[in-house]
Amino acid sequence: MGVMAGMTATDKQVAFALSLLAKAGYGDRYMTARFANLGATMHQRSGTVEGWLRQMTRTEISSLITMLKESED
């Protein structure tokens with residue numbers, strides 16, 4: 001059972017999350033163990049950062065963006 005196309009993260013959300021991850025010192029290409037702190041499973045960490053973000057729902061990526069923005073402060 002996949003996520004419905006209209007419910008997946010938007011291109012704008014993915015781009016914004018990638019920029020916030022880079023600012024926070026996370027890699028923006030390949031997943032590392034550090035992404036577990038953000039809720040990425042071991043299976044998800046075997047892929048790319050963009051792939052992980054794109055499989056998220058709009059709600060999930062919004063929560064991630066909020067968490068990353070709050071950590072900037």
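All residue numbers in this chain count up from 1 along the given sequence.
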* Let me see the working for W52 and L64 under side chain to side chain contact (heavy atoms under 4.5 Å, CB included), right down to the final yes or no. => CA-CA 12 Å; W52 174 58; L64 175 66; 3.9 Å; yes

* Any salt bridge (charged side-chain N to carboxylate O under 4.0 Å, His left out) involving residues 32-56? Give me the pairs, sequence neighbours left out, ordered by first then second residue. => D11-R54, E50-R54

Once you round to the nearest 0.5 Å, how far does [atom1] of [X] lie from [atom2] of [Y]?
X   : Y   : atom1 : atom2 : value
E60 : M7  : CD    : CE    : 10.0 Å
S71 : L38 : OG    : CG    : 8.5 Å
L53 : T48 : CG    : OG1   : 8.5 Å

Let me have the donor-acceptor pairs involving side chains of residues 14-31, under 3.5 Å, with sequence neighbours excluded, atom names and distances please.
residue: S19; atom: OG; partner: F16; partner atom: O; Å: 2.8

* **For S62, the option from M67, Q13, M56 that meets side-chain contact (heavy atoms from CB on, under 4.5 Å)** =>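 Single pass found, and it is Q13.
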
* Asked: Listed by chain and number, what are the side chain to side chain donor-acceptor pair (under 3.5 Å) partners of T32, not counting sequence neighbours?
  ->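 For T32, no residue satisfies side chain to side chain donor-acceptor pair (under 3.5 Å) once neighbours in sequence are set aside.
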
* Under 4.5 Å between any side-chain heavy atoms of T8 and Q55, yes or no? -> no

